[in-house]
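Here the structure comes first, spelled out in C-alpha cells, and everything after it is commentary.
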Amino acid sequence: MRWTETLIPTLKETPAEAEIVSHKLLLRAGLIRKLTGGLYTFLPLGLRALRKVEQIVREEMNRAGALEVLMPALQPPDIWQQSGRYEAARDVLFKVRDRAKKEWVLGPTHEEVITSLVAGEISSYRQMPKNFYQIQTKFRDEIRPRFGLMRAKEFVMKDAYSFDATDEGAQASYRKMYDAYARIFQRCGLKAIPVEADTGVMGGKFSHEFMVPAETGENEVVFCEGCGYAANVEKASSKWSAPSPPQAPSGAVERFPTPGVATIEDLARPPYGVPASRQIKTLVFLVESKPVLVLLRGDDQLNEAKLAGVLGTITFRAAESEEIHAALGAHPGSLGAVGVTQYPVYADERLRDTAGMTTGANADGYHLRNVALGRDIAVTRFADLRLVRAGEPCPHCGQPLKVQRAIEVGHVFKLGTKYSEALNALFLDETGKQQPAVMGCYGIGVTRTLQAIIEQSHDDFGIIWPMSVAPYTVCVTPLSVVPGSDVLRRAEEIYAALSAQQVDVILDDRNERPGVKFKDSELVGFPIRVAIGEKSLAKGEVEIKPRAGALLSVKADEAVARVLELIRQAA
RNA sequence: CGGAGCGUAGCUCAGCCUGGCUAGAGCACUUGGUUUGGGACCAAGACGUCGCAGGUUCAAAUCCUGUCGCUCCGACCA
C-alpha cells in the first residue's frame, strides 16, 4: 500500500476527549474515529490491526477444535425470558421494535441463541463434545462507556460455547480454552495473566479472567509473589477471611448514649474510643424490596460480588435512609442486628464467635457494647463477604498480597447446566437417560484486546506494535520522492521486493519533509522502518530502524534480506 | 441515576467574569515561492448558524432559563 492512496489521518495534538494513553494513540495514529460516545469507526489502519488480532484468535480456536459459526445479533426476547435473563440483564439489553411493534433485543452475548441451536441439533452423547465460536459485534447498554474501545456500547467479541456430556468432559473443554487463551494473548505480544474470577450467582470454582496489568484498568487483581496465587479482587480471599479465634462473651449487652455519632470513625474517637476492629458495621440491602442485613467488622469493607454469590442474585441494592428507618426504626449510624429476627442476617466469617463488640442499638443516638455474635445476634449465615486489601496474608502461603489494576481481555467460565436446562439442550447418554448438556462459555474482547496491546506497548513517540498485530510490518520511507531519483527508485524496489515476499509493507510516498515522515512512522508504530536517503545511499546504504531497537545501516542490496531476517526472528 | 466540568473553524484553544464596532490565534487545508536526514519558512486564500431553543436588552459567543451532546468522578462503607 502507498501512503498517499490510503487514509492515515495522524494528529499532532491529542483530542480533548481522550484520557488514557491507548485511547489518545488510537486517535492520534489515525486508527479510529468517534461517531458518538461509545461508538467508533475503524479506519483502514485500525481495521488491519483488528483483523490481525481476529485472525490469531481464529487460528487458535480452530487449533483447539472449536467450530466457527455466525449467529444473529438481532434476537427474539422470548429466549431471554426462557433463560431468565430478560430481567436479570435488562440494564445492558438494547431493545428495538419492528414495524409491527414487536420487540427484539440486540445480543450482548449468545448463550441463549447457541443453546437453542444445540437443543435442536444435538441429541446424543455421541455428538459431543462440541465447541462453537464466533467473532461478532456485541451490543451492551453500558452505564458509562469510556476510554475509547475499552468500554463501548458496541464492540467486537469472540465468544465460544462448549457442550459436553459429562462434567469431566466440560472440565477438559474448559482446560482447552484456557490453554488456547494463553497462546492467543502470547501471540498478540500481550502479557496477560490468568486470575481466579468471581463466579457470581452461578457458583462453582471454574472461572478465570485473563488480565493485562495496567494502571488504567477497570479491574483490580490480587496476587501473591510467593506462591503465584492470583485472583480478581471480587473473588480474592486472604488468611483474614477465616474466622477469628473464638472469644468468650464477657458481661451483658449494655446500651449507652452516643449523640451525634453517625460513622465508624466517630465512634473510634474519644470519648468513646472504640477501635473500628471492635465495631460491627451493619449494612441494609433490599432484595426484591425485602430488607437483608449484612454485618462486617468495622474496619472491613463489603465485597458486593461476594454478597451476590451468597444472596444468589445480582438484583439487590443498598437501602436508602428512609427505607432503613422503616425497617429497623433507626437511621444509618445507629444500626445493629441485635434482636433482629424478622430479616435474614448475613455476617462475615471474620465476625464468627467474636464477643465484646460494639454496634448500633437501632435507636438513633444509642449504641450497644459487649455484643457477642452467637449469643446476641441471630446470624442466618456466615460467609466470606469482605474485600481483600493489599498487604493481607496470602490464603495459601501467608506472604503479603499485592493489588494491581488490570484490563480484563478474556474470560473462561464453566457454566454447568443452567442454560441447557432452561432452553432444553438435552441429550441421551449411554444408558438412554435424558440429561442436560454441561456447558462452558469463553469470551475475548477483541477490540479491547487491541487497545490493551497499545496500552501495554508504547513510548513517548507513539505505538510500538508487536509484529504479529501491526497494521503494516514495514514502512519503507524514501526521504525524497522526486520522480526518477535514485532514492525513490531504490525505495520502490525494496517496497516491491517485500510485497512479493508477502510482507505487509507500506510505502511512505508522501512529499513531506523527513521529520514529518519519521514522526508519523513512530506514532503509528510500524515494527520496522526502512529509510532511504541521499546521504546513506551515496555510500550504497539504507537504514533499517526497528521501532523498538537500534538503527542498522545495511548495504542497499541486502536490505530486503535483512528485513526478512528481522521478521523471521520475531516470529 | 447523582455530582462536577466542557461545548467557539477539521484539531488544540483564547475571547465570556465586566454585553458593544468586521469573532480570533496556532496546527491542518488550497495556491504560489523558497526549502528538504527529525513535526520548515514567506505570501496570498478558503473554512464559523459561537451545540440547540427560548428569554433579558437599543445591542448577546458573553447575562438568564431550558434542552441536547461530550468528558471525568461517584453510584454499600451507615
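Naming: A, B, ... by sequence-line order, numbering from 1 per chain.
- Side chain A:Arg28 to base B:G39: a donor-acceptor pair is found below 3.5 Å.
- B:G66: Watson-Crick or G-U partner is B:C52, with both key distances under 3.5 Å.
- Distance noted for atom P between B:C63 and B:U18: 8 Å (whole Å).
- Summarising the base pairing, B:A59 is matched to no nucleotide, lacking a Watson-Crick or G-U wobble pair whose two defining distances lie under 3.5 Å.
- Here B:C72 is the nucleotide among B:C70, B:C77, B:C72 with the atom lying nearest to any side-chain atom of A:Arg144.
- Positionally, the nearest nucleotide of RNA chain B for A:Leu11 lies more toward the 5' end than for the other of A:Gln301 and A:Leu11.
- Rounded to whole Å, the separation between the C1' atoms of B:G37 and B:G32 comes to 26 Å.
- Separating the P atom of B:G33 from that of B:G39 is a span of 24 Å, rounded to the nearest Å.
- Separating the CZ atom of A:Phe518 from the C1' atom of B:G39 is a distance of 12 Å, rounded to the nearest angstrom.
- Taking the side chain as every heavy atom from C-beta outward, A:Val542 and A:Arg490 never approach each other to under 4.5 Å.
- A cation-pi arrangement, defined by a distance under 6.0 Å to the six-membered ring centre and an angle within 45 degrees of its axis, is absent between A:Lys545 and A:Phe518.
- In this entry the distance linking CD1 of A:Ile32 with P of B:C11 reads 15 Å, nearest Å.
- Taking every side-chain heavy atom of A:Glu19 into account, B:C72 is the closest of B:C72, B:C77, B:G39.
- Within the cation-pi definition used here (under 6.0 Å to the ring centroid, within 45° of the axis), A:Arg547 does not qualify as a partner of A:Phe526.
- At distances below 3.5 Å, not a single donor-acceptor pair connects side-chain atoms of A:Asp486 with backbone N or O atoms of A:Arg489.
- With respect to the salt-bridge test (charged N to carboxylate O, under 4.0 angstrom), the residues A:Asp300 and A:Arg389 qualify.
- Taking atom CZ of A:Arg151 as the reference point, atom P of B:G74 lies 13 Å away to the nearest angstrom.
- Atom pair A:Asn511:CG and B:U31:P shows a separation of 12 Å (rounding to whole Å applied).
- When rounded to the nearest whole Å, the span between CG of A:Leu295 and P of B:C76 equals 18 Å.
- Separation of the C1' atoms belonging to B:C47 and B:G24 is 14 Å when rounded to the nearest angstrom.
- The base of B:G26 sits within donor-acceptor range of the side chain of A:Glu13, with an N or O pair under 3.5 Å.
- Judged by distance alone, the side chains of A:Thr4 and A:Asp509 do bring a donor and an acceptor atom under 3.5 Å apart.
- Looking at heavy-atom distances under 4.0 Å, A:Ser480 makes no contact with the nucleic acid at all.
- Counting non-hydrogen atoms under 4.0 angstrom, A:Val294 reaches nothing in the nucleic acid.
- When heavy atoms are screened at a 4.0 angstrom cut-off, A:Arg529 is found touching base atoms of the nucleic acid.
- Residues A:Val403 and A:Val233 have side chains not in contact (no heavy-atom distance under 4.5 Å, counting atoms from C-beta outward).
- Nucleic acid contact for A:Leu307: none, since no nucleic acid atom lies under 4.0 Å from a heavy atom of the residue.
- Comparing atom distances between the A:Pro15 side chain and each of B:G69, B:A75, B:U12 picks out B:U12 as nearest.
- The gap from the P atom of B:A53 to that of B:G69 amounts to 16 Å, rounded to the nearest Å.
- Spacing between B:C50 and B:A14 at atom C1', rounded to whole Å, works out to 13 Å.
- A:Ala18 comes within contact range of no nucleotide atom at all, as no heavy-atom separation falls under 4.0 Å.
- Here the side chain of A:Ala16 is nearest to one of B:C77, B:C70, B:U12, namely B:U12.
- Using a 4.0 Å heavy-atom criterion, one finds that A:Glu534 contacts the bases of the nucleic acid, with or without backbone contacts as well.
- For the P atoms, the distance linking B:G26 with B:A9 amounts to 16 Å, nearest Å.
- Listed nucleotides B:U71, B:G37, B:C72 differ in distance to A:Glu17; the shortest reach to its side chain belongs to B:U71.
- Comparing B:U36 with B:C41, their C1' atoms sit 12 Å apart, to the nearest whole Å.
- Closest to the side chain of A:Leu302, from the set B:C77, B:G38, B:C76, is B:C76.
- Atom pair A:Asp508:CG and B:G39:P shows a separation of 15 Å (rounding to whole Å applied).
- Geometrically, A:Arg255 engages A:Tyr366 in a cation-pi contact, judged by NZ or CZ lying under 6.0 Å from the ring centre and within 45° of the ring axis.
- For the residue pair A:Asp508 and A:Thr477, no side-chain donor N or O sits within less than 3.5 Å of a side-chain acceptor on the partner.
- With a cut-off of 3.5 Å on both Watson-Crick or G-U wobble distances, the partner of B:A43 is given as B:U31.
- Among the protein residues, A:Gly533 comes within range of the nucleic acid bases, having at least one heavy atom under 4.0 Å from a base atom.
- Side-chain atoms of A:Glu541 and A:Ser536 form no donor-acceptor pair, as typed in the model, at a separation below 3.5 Å.
- Residue contacts for A:Glu265: at a heavy-atom cut-off of 4.0 Å it reaches the sugar-phosphate backbone alone, with no base atom in range.
- Heavy atoms of A:Glu304 sit under 4.0 angstrom from at least one base atom.
- When each of B:A75, B:A78, B:G37 is scored by its nearest atom to the side-chain atoms of A:Lys535, the top-ranked nucleotide is B:G37.
- Comparing atom distances between the A:Thr36 side chain and each of B:U71, B:G69, B:C76 picks out B:G69 as nearest.
- Among the heavy atoms of the strands lying under 4.0 Å from A:Phe147 are primed sugar atoms or P, OP1, OP2 only; no base atom is included.
- If you check B:U18 for Watson-Crick or wobble pairing at under 3.5 angstrom, you find it has no partner at all.
- Using a 4.0 Å cut-off between charged nitrogen and carboxylate oxygen, A:Lys153 and A:Glu142 do not count as a salt-bridge pair.
- With both pairing distances under 3.5 Å, B:A78 is matched to nothing as a Watson-Crick or G-U wobble pair.
- Using a 4.0 Å heavy-atom cutoff across all strands shown, A:Arg146 reaches sugar-phosphate atoms only and no base atom.
- Between A:Phe285 and A:Gly38, the residue whose closest nucleotide on RNA chain B is further toward the 5' end is A:Gly38.
- Judged by Watson-Crick or G-U wobble contacts below 3.5 Å, the nucleotide B:A9 has no partner.
- A:Lys517 comes within contact range of no nucleotide atom at all, as no heavy-atom separation falls under 4.0 Å.
- In this structure, A:Arg33 reaches neither bases nor backbone, as no heavy-atom distance under 4.0 Å exists between it and the strands shown.
- The aromatic rings of A:Phe256 and A:His367 sit tilted relative to each other, their planes meeting at an angle between 30° and 60°.
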Next on the checklist: How would you summarise protein contacts on nucleotides 40-47 of chain B per nucleotide, using B for base, S for sugar-phosphate only and - for none, with heavy-atom distances below 4.0 Å?
Outcome noted: B-------

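- In this structure, CZ of A:Arg510 is placed 10 Å from P of B:C29, rounded to the nearest angstrom.
- A:Leu551 has its CG atom 16 Å from the P atom of B:G37, to the nearest Å.
- Across all strands shown, B:G37 remains unpaired; no Watson-Crick or G-U wobble contact has both distances below 3.5 Å.
- Ranking B:G39, B:U12, B:C72 by closeness to the A:Leu523 side chain, first place goes to B:G39.
- B:C72 is paired with B:G3 under the criterion used here, namely a Watson-Crick or G-U wobble arrangement in which both key atom distances are under 3.5 Å.
- Neither OP1 nor OP2 of B:C11 sits under 4.0 Å from any side-chain N or O of A:Thr14.
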